[in-house]
Each structure stands twice: as structure tokens, then as C-alpha cells.
Novice: 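Dropping a structure here in C-alpha cells format, bear with me for questions.
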Amino acid sequence: MRLSRYFLPILKENPKEAEIVSHRLMLRAGMIRQQSAGIYAWLPLGVRVLDKIQKIVEEEQKRAGAVQLLMPTIQSADLWRESGRYEAYGKEMLRITDRHEREMLYGPTNEEMITDIFRSYVRSYKDLPLNLFHVQWKFRDEVRPRFGVMRGREFLMKDAYSFDVDQERARHAYNRMFVAYLRTFKRMGLTAIPMKADTGPIGGDLSHEFIVLASTGESEVFLDKDILALETPSEATDFDGDLSEIITSWTTPYAATDEMHDEAAFGQVAEDKKVSARGIEVGHIFYFGTKYSDAMGAKVATGEGSEVPVHMGSYGIGVSRLLGALIEANHDDDGIIWPDSVAPFHVGLINMKPGSETDSACEELYAKLEAGGVEVLYDDRDTRAGAKFASMDLIGLPYQIVVGPRGLKSGEVEVKNRRTGEKEMMTPEAALSKLVSVFAD
RNA sequence: CGGGGCAUAGCGCAGCCUGGUAGCGCAUCUGGUUUGGGACCAGAGGGUCGCAAGUUCGAAUCUUGCUGCCCCGACCA
């Protein structure tokens, strides 16, 4: 993409409404624009990152055996009356009346709807297990939206719902999502730690929050350092096989948010392994049994011929929130530092002097990088060098290639690693093969 | 929902107390000089001063009501 033809409204000054760093940087980097409290327009650069995150989430859901569908944002109040949540949900639910005076709502989540879809078609244990997911915009009318996309009212969320014939099998469905989550966050370059979460009235140990460590995180967390050293399950993991060993290894070291913190248990952790840090919740998984299937009559026939309500679980990932979490965990004074897998572009190509001999060198590199599968944002604007460097650092592409008359004299360009700040002079050919090898799939 | 604050050009702000032709910096446009880490000079364009009522000869400024947004807390993915 040529910057001269792109839409990248960068702000030089800090918007006063943005208090935390991710919000500030997203506004400054031209990724989002607030349209209303907690509601944002996604500008081109923001959409690119959002899409990449969504894609990783979808791939890992499918790998774990979940099947993608897409449910609407607007739902009927009747469905929610069946579960009793229409009355229970409160003002957080945005209620809408259509032209026929029918009560509708903008969905804050989809348990009722997915249960309705399930009960309409599935009758037998032979159709189980089943895990259906979608990635869709949700709306929760938060009293006080804040922190930009981290706590918006409208947000993009992946929610998956598992259906099993009994609790034992539901646990396996839960484990599959647990492993999928470990892989998903890891692929985004995040350290997300599963922490035991409050299960509410259902009880049991089947609820975990996935927390990303970031010094600017909203909640306090306590953990045993050992959990940071655990290996993320590989791509080759057999999701139909026994996953309990993986789950055990990830749930044994102490890790808890302040709400679930147990000072006595934490006391058992060796002094030099105790870590207290801050974190951001990016995912939440839980098993809730037959809460909705009972209320809504979602039953399947068992092998013995009787009918039982299905055991369900639901599994959320805050896709739009992840942008904020990623930036909180990856930035410096100059701007964002995207992990390779979610960067809006892989490389920023800076033409130091448009209209000179740098043009042809840039054009050639641009074409060859793109042909090699590298996503390039080519800064071909006729502006000062300083402004280009500052913009590139701000938007945080993993690599920058600087093509200037000075370097070209000796047949070289500069390749800068945004994260390390390391700069290296090399021939355009060497830069090309280096970056193609980093980013080619 | 309790407490606090803000609303003046695209962004950041001054002016308001003490009413009298709406200003500054950045950004934008034009011309020139510059050109490897957010240049300089000269000029130009751009504002129903959040909305509505009131007081007044006259309101960005005073009064009342409303709306929007931000921060702290409670709540939440």
C-alpha cells in the first residue's frame, strides 16, 4: 500500500480524552475514532489489525474442532424471556422496539440464540459433541465505558458454545477450548495466563479467565513464576485425545486475580517464584451445565432411549479488546510495537527523497516484497525524513526499510527492527530475502 | 448510579472573573528557502463559541434548563 493513497490520519498531539496508553496510541496512529461514548469507528489501520486477530482466533477455534456460524446482532426479547434473562439482565442490555412495537435487543451475548438453534435441529447424542462459534459485534450498555476499545460498549467478540451429552464429555469440550486459548494468545505474541475464575451458582472448577500481563493492566494478579515457563501446546495437539495432562500442568502453578486470590495458598509458593503483576482479561471460558438447555428445552436422546438436557459451556474472547491489550503489552515512548503476527503491515518502506534516484530502488523493493508475500506500507510522500520516521515508529510496523540517497551511493539500504531498535545496512537484495524469510508463510 | 470536571477552528488551548468587531500553537492551502529523526520565512483559508431560553442597547463572557464527553468510585468481556 502506498501511503500517498492510503487513509492514515495520524495525530501529532495527544487527544485529551485518552488516559491510558493503548487508547492514546490507537487514536494517534489513526486506528480508531470515537463516535460516541464507548463506540468507535475502525479506521483502515485498525481494521487490518482487527482482521488479523480475528483470523488467528478463527483458525485456532477450527483447529480445536469448533464450527463457525454467524448469528445476528439483533435478537428477539421472547428468546430471552425463555431463559429468564430478559428481566434479569438490567440496564446493560440495549432494548429496542421495532415498527410493529415488538421488543428486540442488541445482543450482549448469544446463549439463548445458540440454544434455540441447537434445539431446532439436534435430537440425538449421535450428533454430539458439537461446538459452534461466531465472531460478532456485541453491545453492552456499560454505565461508564473507558480505556478506549478495552472497555467499549460496542465490541467484537468471539463466542463459542459447546454441547455434550453429559458433564464428563462437557469437560473435554472445555479442555479443548482451554488448549485452543493457550495457542491463540501465544500466536499473537501474548503471554496469557489461565486463572481460576468465579463459577457463580454452578460451582465446580470449570471456569477460567485468560489474563494478559501488562504493567498498565486493570486488575492485580498473583502467580507462581513457573507458569511463565510452560510450553504452549503445539499445532499437532490431538484435540480428540486426552488433554487433561496439559490442563493439569497449566492449572497447577498458582495463578489468581485479586478477586480469587488466596493468600494462604500463595504463601505456599517459594518466595523467589512469587510474582504479583497487573493484567487484562482477554478471554473467559466456563461450563454452565444445563442452565439454558433446561430452561429452553434443548434435549437429546441418549443411547438408552431417554432424553436429557444437553450440557453446555461458553467460551469468549474479546477480539476488539485484544487490540488494546496488545498495545498495552507492546509499546514504547515512540509508539506501538506490533508482534509480527498481528501487525497491520509487516514492513514500512521509507523513501527518503521522492523524486530522486531513491524512487526506482523503492519501487523495485516494494514490488518484490509484495510478490514475496510481505505486506508493505510504502511511504512515498514528499515530506521530511523526521516526520516519516516518527510516523513509522508510531504505527509500529515490525520492520522499516530506509532508502536514502546516502545509502544508495554504496548500494545499501537500512533495515530497522522496530522492537530492538537495531539498524543494519545491507543491499536491497539482502533486505528483500531477509524480510521474505521472516514473513513468508 | 454516587462524586468531580470539561464543552471556543481538524487537534491542543487562551479569552469568561470585570459583557463591547473571537485569539494562540500545531495541522491545512499558496509562494520561497530547506531536506537522514515531527524545519524556517511570508501569506491565506477555516469557528451557528455544545443546544435552548432568559437578562441586557449589546452575551463566548451573566442566569436557568438541557445535551454530550472525560476522570475517580461501584459494576463489567
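By convention in this document, chain letters (A, B, ...) are assigned in the order of the sequence lines, proteins followed by strands, and residues within each chain are numbered from 1.
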Novice: Taking OP1 and OP2 of B:A39, is either one under 4.0 Å from a side-chain nitrogen or oxygen of A:R384?
Specialist: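 For B:A39, OP1 or OP2 has a side-chain N or O of A:R384 closer than 4.0 Å.
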Novice: Name the pairing partner of B:A60, where a pair is Watson-Crick or G-U wobble with both distances under 3.5 Å, or state none.
Specialist: none
Novice: Would you measure the distance from the C1' atom in B:U21 across to the matching atom in B:G12 and give it in whole Å?
Specialist: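 Approximately 26 Å lies between the C1' atom of B:U21 and that of B:G12.
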Novice: At 4.0 Å (heavy atoms only), tell me whether A:K158 reaches a base, stays on the sugar-phosphate, or touches nothing.
Specialist: nothing
Novice: Using the P atom on both, measure B:C72 against B:G36 and round to a whole Å.
Specialist: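 Roughly 42 Å separates the two P atoms.
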Novice: Taking only the P atom of each, what is the distance from B:U61 to B:C49 in whole angstrom?
Specialist: 9 Å
Novice: Return a single string for nucleotides 67-77 of chain B, one symbol per nucleotide in 5' to 3' order, where B is base contact, S is sugar-phosphate-only contact and - is none, cutoff 4.0 angstrom on heavy atoms.
Specialist: --SSBBBBBBB
Novice: Just call it for A:A385: base, sugar-phosphate, or nothing, with non-hydrogen atoms closer than 4.0 Å on any strand.
Specialist: sugar-phosphate
Novice: Please state whether the phosphate of B:G38, meaning OP1 or OP2, lies under 4.0 angstrom from any side-chain nitrogen or oxygen of A:K12.
Specialist: no
Novice: Provide the distance between the two C1' atoms, one in B:A77 and one in B:C13, to the nearest whole Å.
Specialist: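 Result for the C1' pair: 36 Å, nearest Å.
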Novice: Could you tell me the Watson-Crick or G-U partner of B:A39, where both distances fall under 3.5 Å? Say none if there is no partner.
Specialist: B:U33
Novice: Do you know which of A:H172, A:R169, A:R176 makes side chain to side chain contact (heavy atoms under 4.5 Å, CB included) with A:P129?
Specialist: A:R176
Novice: Please report the distance separating the P of B:G10 from the corresponding atom of B:C29, rounded so that it comes out in whole Å.
Specialist: 16 Å
Novice: Between P on B:G38 and CG on A:D333, what's the gap in Å once rounded to a whole number?
Specialist: 16 Å
Novice: Cation-pi between A:K416 and A:Y399: NZ/CZ under 6.0 Å from ring centre and within 45° of the ring axis?
Specialist: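 The answer is no; the distance or angle limit is not met.
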Novice: Between A:L43 and A:G30, which heavy-atom pair has the shortest distance, and what is it?
Specialist: CB-O, 3.3 Å
Novice: Applying the Watson-Crick and G-U wobble criteria at under 3.5 Å, what pairs with B:A44? Answer none if nothing qualifies.
Specialist: B:U28
Novice: Walk me through it: do A:E59 and A:R187 pass the test salt bridge (Lys or Arg N to Asp or Glu O under 4.0 Å)?
Specialist: CA-CA 11 Å; A:E59 283 174 7; A:R187 276 187 63 186; 2.8 Å; yes
Novice: Classify the nucleic acid contact of A:P108 as base, sugar-phosphate or nothing, counting any heavy atom under 4.0 Å across all strands shown.
Specialist: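 Nothing, no nucleic acid heavy atom in range.
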Novice: Please check if the distance between the ring centroids of A:Y89 and A:W80 is under 6.0 Å.
Specialist: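 Ring centres of A:W80 and A:Y89 closer than 6.0 Å.
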Novice: If you take atom types as modelled and just measure distance, does the side chain of A:K409 reach the base of B:G36 with a donor-acceptor pair under 3.5 Å?
Specialist: no
Novice: Please determine, for B:A74, whether a Watson-Crick or G-U wobble partner exists with both distances under 3.5 Å, and give it or none.
Specialist: none
Novice: Hey, does A:K138 reach any base, or is it just sugar-phosphate, or nothing, if we go heavy atoms under 4.0 Å?
Specialist: nothing
Novice: Is the backbone of A:V310 close enough, under 3.5 Å, to the side chain of A:T290 for a donor and an acceptor to pair up by distance?
Specialist: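 Side chain of A:T290 to backbone of A:V310: no pair is present.
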Novice: How far does the P atom of B:G23 sit from the matching atom of B:U63, given to the nearest Å?
Specialist: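 Between the two P atoms, the distance is 25 Å.
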Novice: Determine the contact category for A:G316: base if any of its heavy atoms lies under 4.0 Å from a base atom, sugar-phosphate if only primed atoms, P, OP1 or OP2 are that close, otherwise nothing.
Specialist: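 It contacts nothing in the nucleic acid.
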Novice: Hey, is the main chain of A:T257 close enough, under 3.5 Å, to the side chain of A:H261 for a donor-acceptor pair?
Specialist: no
Novice: Looking only at atom P, what distance separates B:U56 and B:C70, rounded to whole Å?
Specialist: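 Per the computed distance, 38 Å lies between those P atoms.
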Novice: Can you name the closest pair of heavy atoms from A:F210 and A:F178 and give their distance?
Specialist: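 In this case the closest contact between A:F210 and A:F178 is CZ-O, 3.9 Å.
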Novice: Using a 4.0 Å heavy-atom cut-off across all strands, classify A:R28 as base, sugar-phosphate, or nothing.
Specialist: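 Base contact.
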Novice: Shortest non-hydrogen contact from A:G279 to A:I211?
Specialist: CA-CG2, 3.5 Å
Novice: Checking base pairs now: Watson-Crick or wobble, both atom distances under 3.5 Å. What partners B:C66?
Specialist: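 Its partner is B:G50 (Watson-Crick or G-U wobble, both distances under 3.5 Å).
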Novice: Rounded to whole angstrom units, what separation is found between the CG atom of A:D382 and the C1' atom of B:U35?
Specialist: 10 Å
Novice: Taking B:C71 as the reference, what is the distance to B:A14 when you measure between their C1' atoms (whole Å, please)?
Specialist: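 Looking at atom C1' only, B:A14 and B:C71 are 23 Å apart.
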Novice: With both distances under 3.5 angstrom, what nucleotide forms a Watson-Crick or G-U wobble pair with B:A22?
Specialist: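 Paired with no nucleotide.
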